[in-house]
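Heads up, the thing below is written out as structure tokens.
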Amino acid sequence: MRSETRQREAAAVGRLVGMSDVFDGIIPRFVAASTGFDRVLAVVRPAQWTAPTPCAEWDVRALVNHMTGGNRNYVSLVDGGTAAGFLAARDRDVLGEDPVGAFRSSVRECADAFAAPGALTRVLDYPLGRVTGGQALAVRTADSIVHTWDLARAVGADDTLDPGLLGWLDDGFEEIYAGLAETPVAADTTHRFFAPPTGSPGRSRQDSLLHRMGREPSLR
């Protein structure tokens with residue numbers, strides 16, 4: 001068992017080394033993606049917290065809770081937390097009376113945790129497989145980018161994604177999700193965590209990427 005664990009950890013580190021271009025600068029990218037989400041979050045009106053989002057199971061508050069709690073769960077992984085603990089805390093309400101403040105503090109905590117010495121190369125017990133901190137934060141960054149679009153659509157804000165972040169995610173799509181037990185890259189994924197592609201791919205790069213992530217940009 002220990003031998004198998006070491007092999008999985010070696011494979012995770014090998015992916016990080018082999019994909020250095022994708023994971024280079026991942027902390028600033030995470031912060032930039034979170035800032036994009038924050039810009040939309042700042043314009044949410046009181047009546048919109050219960051509005052539906054493109055994620056069928058979440059209204060706006062639940063989506064923001066997912067983002068905030070997710071950031072904190074990633075901190076827990078860096079600190080030695082387990083996949084089981086990550087999943088157990090996934091739907092816990094962490095917003096309290098100040099959803100915007102809770103999200104912003106979670107971003108700072110997450111960025112600080114991954115900036116600690118050795119955090120990006122540490123192998124984490126991620127729910128979809130053992131991955132390095134660098135790859136885990138890349139998945140978190142991708143999640144932040146796509147959910148920015150979800151939130152913008154839900155509240156009627158500008159849903160144009162940052163072109164630099166969009167290009168990074170589109171170009172590095174397969175590398176970001178490599179080796180995970182479930183991935184939007186594979187057609188036969190279980191879609192437990194990632195929505196299946198639906199509708200048409202669309203003509204723009206943004207629409208094509210959102211289609212791969214289970215969104216229908218043409219629908220309003």
Side-chain angles (χ1 to χ4, degrees), residues 26-27 29-44 48-75 86-87 89-95 99-111 114 126-128 136-170 172-173 176-177 180 182-184 191-199 202 205-217 219-220:
I26 190 56
I27 295 175
R29 281 198 176 95
F30 164 73
V31 173
S34 300
T35 300
F37 187 89
D38 193 346
R39 288 194 190 101
V40 182
L41 180 59
V43 303
V44 175
Q48 292 180 314
W49 286 100
T50 56
T53 74
C55 304
E57 70 272 31
W58 294 328
D59 61 13
V60 167
R61 182 182 172 90
L63 173 60
V64 176
N65 188 67
H66 167 74
M67 292 298 299
T68 305
N71 288 339
R72 292 180 176 174
N73 285 338
Y74 276 72
V75 172
F86 184 105
L87 293 174
R90 192 167 183 257
D91 296 319
R92 189 175 299 158
D93 191 315
V94 298
L95 296 183
V100 176
F103 172 75
R104 289 173 178 170
S105 65
S106 78
V107 172
R108 291 192 296 270
E109 292 165 11
C110 192
F114 281 90
Y126 190 61
L128 296 178
L137 190 59
V139 174
R140 171 92 295 224
T141 302
D143 207 38
S144 301
I145 295 168
V146 174
H147 284 318
T148 295
W149 182 86
D150 291 330
L151 182 61
R153 275 299 176 98
V155 302
D158 182 2
D159 62 16
T160 304
L161 295 174
D162 178 277
L165 292 171
L166 179 68
W168 168 79
L169 178 52
D170 195 29
F173 201 83
I176 291 167
Y177 296 104
L180 302 187
E182 181 188 339
T183 165
H191 300 303
R192 181 182 178 194
F193 295 99
F194 298 103
T198 183
R205 192 177 199 186
Q206 175 171 308
D207 286 357
S208 177
L209 176 65
L210 289 167
H211 170 261
R212 296 172 81 181
M213 299 298 285
R215 272 67 178 173
E216 292 189 66
L219 296 182
R220 288 188 178 275

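Basis for what follows: all heavy atoms, side chains included, without hydrogens, waters or symmetry-related copies.
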Within the side chain of [X], is there an N or O that forms a donor-acceptor pair under 3.5 Å with the backbone of [Y]?
{"X": "R90", "Y": "N73", "answer": "no"}
{"X": "R72", "Y": "G70", "answer": "no"}
{"X": "E109", "Y": "N71", "answer": "no"}

Sequence-distant partners of [X], side chain to side chain donor-acceptor pair (under 3.5 Å), two or more places apart:
{"X": "N65", "answer": "none"}
{"X": "R205", "answer": "D170, D171"}
{"X": "R61", "answer": "D93"}
{"X": "T160", "answer": "D158"}

For A152, give me all partners under side-chain contact (heavy atoms from CB on, under 4.5 Å), at least two apart in sequence or on another chain.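 Once residues adjacent in sequence are excluded, the partners of A152 under the side-chain contact (heavy atoms from CB on, under 4.5 Å) criterion are V40, A157, D159.
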Just jot down the side-chain contact (heavy atoms from CB on, under 4.5 Å) partners of T141, sequence neighbours excluded, or say none.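 Testing T141 for side-chain contact (heavy atoms from CB on, under 4.5 Å), a comparison that skips the adjacent residues, returns I26, R29, F30, A33, L137, I145, W168.
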Value rounded to 0.5 Å, distance of CG in D150 from CE in M213: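 Here the rounded value is 9.5 Å.
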Just verifying a value: how many Å separate L63 CG and R153 CZ, rounded to the nearest 0.5 Å?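 Result: 14.0 Å between the selected atoms.
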Between [X] and [Y], which heavy-atom pair has the shortest distance, and what is it?
{"X": "L95", "Y": "A102", "result": "O-CB, 3.8 Å"}
{"X": "G69", "Y": "V94", "result": "N-CG2, 3.6 Å"}
{"X": "P217", "Y": "W149", "result": "CA-CZ2, 3.7 Å"}

Residue from L209, L210, D207 passing side-chain contact (heavy atoms from CB on, under 4.5 Å) with R215: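 Testing each of L209, L210, D207 against R215, the sole residue satisfying side-chain contact (heavy atoms from CB on, under 4.5 Å) is L210.
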Determine, for R140 against D143, whether the closest basic-nitrogen to carboxylate-oxygen distance falls under 4.0 angstrom.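 Yes, this pair counts.
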Heavy-atom distance under 4.5 Å between the side chains of H147 and H66, does that happen here?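 H147 reaches H66 side chain to side chain.
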Evaluate the side-chain proximity of R108 to S105: yes if any heavy-atom separation is below 4.5 Å, no if none is.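 They are in contact (side-chain heavy atoms under 4.5 Å apart), so the answer is yes.
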Steps toward side-chain contact (heavy atoms from CB on, under 4.5 Å) verdict (M67, L41): CA-CA 11 Å; M67 292 298 299; L41 180 59; over 6 Å; no
Quick one: do V44 and V100 satisfy side-chain contact (heavy atoms from CB on, under 4.5 Å)? Show the steps, please. CA-CA 10 Å; V44 175; V100 176; over 6 Å; no
Among residues at least two apart in sequence or on other chains, which ones pass salt bridge (charged side-chain N to carboxylate O under 4.0 Å, His left out) with D38?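 Once residues adjacent in sequence are excluded, the partners of D38 under the salt bridge (charged side-chain N to carboxylate O under 4.0 Å, His left out) criterion are R104.
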Once ring pair (Phe, Tyr, Trp, His ring centres under 6.0 Å) is applied, do any residues pair with Y74, and if so which ones, sequence neighbours excluded?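 Checked Y74 against ring pair (Phe, Tyr, Trp, His ring centres under 6.0 Å); matches are F86, Y126.
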Among all residues two or more places apart in sequence or in another chain, which pass the ring pair (Phe, Tyr, Trp, His ring centres under 6.0 Å) test with F114?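 Counting only residues at least two positions away or on another chain, F114 forms no ring pair (Phe, Tyr, Trp, His ring centres under 6.0 Å).
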Solution key, residues 49-58 side-chain donor-acceptor pairs under 3.5 Å, sequence neighbours excluded:
from : atom 1 : to  : atom 2 : distance (Å)
T53  : OG1    : C55 : N      : 3.1
T53  : OG1    : C55 : O      : 3.1
T53  : OG1    : W58 : O      : 2.9

